[in-house]
Amino acid sequence: MSQILSHRARGALRALRKEVPGTVADPDGHDDAEVAAMLRELGMALVEVEQPTHVVATRLLTVAKRYTRSDVRVVVLPLVLLISVGSAGSEVDASTQSTTQLNLAGRIDDIAELAEMGAITPADAITALRQARSMRPRFGPMTTVAGYAVTTVGFGMISNPAWSALGAYAVLGTVVGVILLLGRPFPSLSGVLPTLAATVVTILAHGLVQETNSDGLLRIIGPALIAILPGIPLTLGAMELAGSSVVAGASRLIYGVVQLMLIVFGVGLGLHIAWHTGPPHDQPTMGAWSFYVAILVIAIGLYIHLSAPRGSLVWLIAAVAVALVGQKIGGLFLSSAHAGAVGAFLVVPFATMASRIKTSPPAIVMMLSAFWALVPSALSFESLGEAITGGHNDIQVLSVSVAAVFSIALGTLIGWSVFRPGNRGDDPQIALIAGTADTKVDRERWMP
């Protein structure tokens, strides 16, 4: 009886797992130049969807082993890639764009997994990657703005769950979304938009919520500025430094710090223009239930704003819940600046295991949404913003900002090192399947 139950359980698990394509790659059957071109296209695609450079380099070398026996050298920097395959194949490429568009990131990760298993030819991979990189968001501009407003409300319910502030969160989130939308046709203004958005939001927040002091005002405008806060660059930079990618990590951290200072400057300018704050007063707040409702609201907002793949909403809710609940549990025995490490670590195994289920999106989709929920730079922004108004001394500002960023980076790096999401090529079960010549493959499920 127990054997029958065990057999049925294994059958149920096999039914839930995604089908794995068999290998079509022969290490001796491809030209080095063709392999180099595929690695270049894949590497640039991974870099553009905000993957750490040392992780991109590792994945590219894993792919290369499937297609060539020649020596392969890879140098990956933020938005720059250098590839050398043998003596005949070399590629150099650069990009000026990055994206958090989740449906695009998911498609690219699917193609990368095919390449890691040798289950796609170099020519097909190049074609699929070019099509994926040209994908447009699933939702229209106004729907995307509405999604960001919903996300702002969710973040506000966590940072300052006051009933009277919900309307302000929605209005300010909509304003920031519109500013970013209007700035898309003008890439040259990208350096000015953070300061402009922070200034406009600060002035509007003063008009919407007049009876509050400067610290309360920062808690009102913080959720609306999540989209322009450099949370992902700061986290990736810290991860890259910890992973010995010094040049990439240092450049990302410098970019993130400069971006953060531009936002803080905009807040300071807005406070100077509309400087009139009242004494602090008690506001009716929501109960403890608001935290769990906020998880649902944030996930729905991110699903729309980041253009997540179809059918991934439930998985985004789960990923955001794992990140924020983990952070909350970490706060029971760690400081608020260090608690994010627990949430970041837990997200990695969850995304890795969940991505093996048929109905789930790729691990990268769930991890990126979780990073948005953790927003390591939000705490840094509030600390630096309070420094403008004299709320903290410089030592405290520096320690909180650094701890918030590096705690999440450390948690993610440990999880990544242990569970290695997205690298199916080293899974013994998958290697066995991929190496079976007569494996029946439904390759269309994996192809764009």
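Every value quoted in this text rests on a predicted model; they were computed, and no experiment measured them.
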What distance separates [X] [atom1] from [Y] [atom2], expressed to the nearest 0.5 Å?
{"X": "I126", "Y": "I120", "atom1": "CD1", "atom2": "CD1", "result": "10.0 Å"}
{"X": "D109", "Y": "L102", "atom1": "CG", "atom2": "CG", "result": "11.5 Å"}
{"X": "T127", "Y": "M38", "atom1": "OG1", "atom2": "CE", "result": "12.0 Å"}
{"X": "E50", "Y": "T99", "atom1": "CD", "atom2": "OG1", "result": "8.0 Å"}
{"X": "I108", "Y": "E48", "atom1": "CD1", "atom2": "CD", "result": "7.0 Å"}
{"X": "I317", "Y": "I295", "atom1": "CD1", "atom2": "CD1", "result": "10.0 Å"}

Note to self: I'd like to know whether L172 forms a side-chain contact (heavy atoms from CB on, under 4.5 Å) with I220, so could you lay out the CA-CA distance, the side-chain angles of the two residues, the decisive distance to 0.1 Å, and finally the verdict.
What the structure shows: CA-CA 9 Å; L172 297 179; I220 296 295; 3.8 Å; yes
With a 4.5 Å limit on heavy-atom distance, are the side chains of [X] and [Y] in contact?
{"X": "L60", "Y": "L81", "result": "yes"}
{"X": "V171", "Y": "L204", "result": "no"}
{"X": "I298", "Y": "I158", "result": "yes"}
{"X": "L241", "Y": "L253", "result": "yes"}

Margin query: Going by salt bridge (Lys or Arg N to Asp or Glu O under 4.0 Å), name the pairs with one or both residues in residues 227-250, residues two or more places apart or in two chains.
Written below: E240-R252
Checklist line | Pairs satisfying salt bridge (Lys or Arg N to Asp or Glu O under 4.0 Å), at least one member in residues 322-350, at least two apart | finding: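 Qualifying pairs: none.
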Margin query: So, applying side-chain contact (heavy atoms from CB on, under 4.5 Å) with V47, which one of V76, V80, D93 is it?
Written below: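 Of the listed options, the one satisfying the test is V76.
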Next item on the list: Report the C-alpha separation of T100 and I232 in whole Å, then their side-chain angles, then the decisive distance to 0.1 Å, and conclude whether the side-chain contact (heavy atoms from CB on, under 4.5 Å) test is met.
Entry: CA-CA 10 Å; T100 54; I232 291 181; 4.2 Å; yes
Check: Who passes side chain to side chain contact (heavy atoms under 4.5 Å, CB included) against A344, sequence neighbours left out?
Finding: L374, I408, T412
Next item on the list: Mind checking side chain to side chain contact (heavy atoms under 4.5 Å, CB included) for V247 and listing every partner two or more places apart, or none if nothing turns up?
Entry: L77
Please set out all donor-acceptor pairs under 3.5 angstrom arising from side-chain atoms of residues 364-371, sequence neighbours excluded.
unit_1, atom_1, unit_2, atom_2, d
S369, OG, V365, O, 3.3
S369, OG, M366, O, 2.8

Notebook entry, point to check: Applying ring-ring contact (aromatic ring centres under 6.0 Å, His included), which residue pairs with at least one partner in residues 304-327 are found, sequence neighbours left out?
Noted result: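 ring-ring contact (aromatic ring centres under 6.0 Å, His included) check on residues 304-327 returns Y148-H305, H305-W372.
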Checklist line | Given E113, H54, E116, the one that forms side-chain hydrogen bond (donor to acceptor under 3.5 Å, both in side chains) with R59 | finding: E116
Margin query: Determine whether Q51 and V49 satisfy the following criterion, side-chain contact (heavy atoms from CB on, under 4.5 Å), listing intermediate values before the conclusion.
Written below: CA-CA 6 Å; Q51 293 295 286; V49 295; 4.1 Å; yes
Margin query: Does Y255, at its OH atom, have more than 12 non-hydrogen atoms belonging to other residues, nucleotides or ligands within less than 6.0 Å?
Written below: no
Margin query: Show, in sequence, the C-alpha distance, side-chain angles and deciding distance for Q131 and R107, and conclude whether the side-chain contact (heavy atoms from CB on, under 4.5 Å) test is met.
Written below: CA-CA 10 Å; Q131 292 175 354; R107 181 66 59 81; over 6 Å; no
